[in-house]
Asker: 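Okay, handing you the structure first.
Count residues from 1 along the sequence.
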Amino acid sequence: MPRARRPRPSLGGPEATPADVRKVLEGQRELEVPEAFAWVAENSPSLRAAVEAAGLHVRRPDA
């Protein structure tokens with residue numbers, strides 16, 4: 001079963017990078033689960049740029 005991974009820069013953790021996103025995508029492919037990310041933008045505002053730089057389209061839930 002996939003496990004949640006959460007960058008926590010607000011708690012002193014590192015910012016997510018496109019390489020981090022690609023690594024998670026590889027794991028999702030190996031597990032044969034949908035390639036998807038979900039996060040709270042206010043808690044991890046830099047994640048959007050990392051996800052987009054990794055080649056994924058970002059859709060806001062209210063869009």
Asker: Please find the pair of heavy atoms, one from Thr17 and one from Ala50, that lie closest to each other, and give the distance.
Answerer: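 Heavy-atom minimum between the residues: C-CB, 3.7 Å.
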
Asker: Under 3.5 Å, side-chain donor or acceptor atoms of residues 31-40 against the rest of the protein: list the pairs with distances, not counting sequence neighbours.
Answerer:
{"residue": "Glu35", "atom": "OE2", "partner": "Arg29", "partner atom": "NE", "Å": "2.7"}

Asker: Can you list everything that forms a side-chain hydrogen bond (donor to acceptor under 3.5 Å, both in side chains) with Glu26? Sequence neighbours excluded, please.
Answerer: none

Asker: According to side-chain hydrogen bond (donor to acceptor under 3.5 Å, both in side chains), who are the partners of Arg48, at least two apart in sequence or on a separate chain?
Answerer: Glu52

Asker: How would you list, by chain and number, every residue that makes a side chain to side chain contact (heavy atoms under 4.5 Å, CB included) with Ala53, sequence neighbours excluded?
Answerer: Pro18

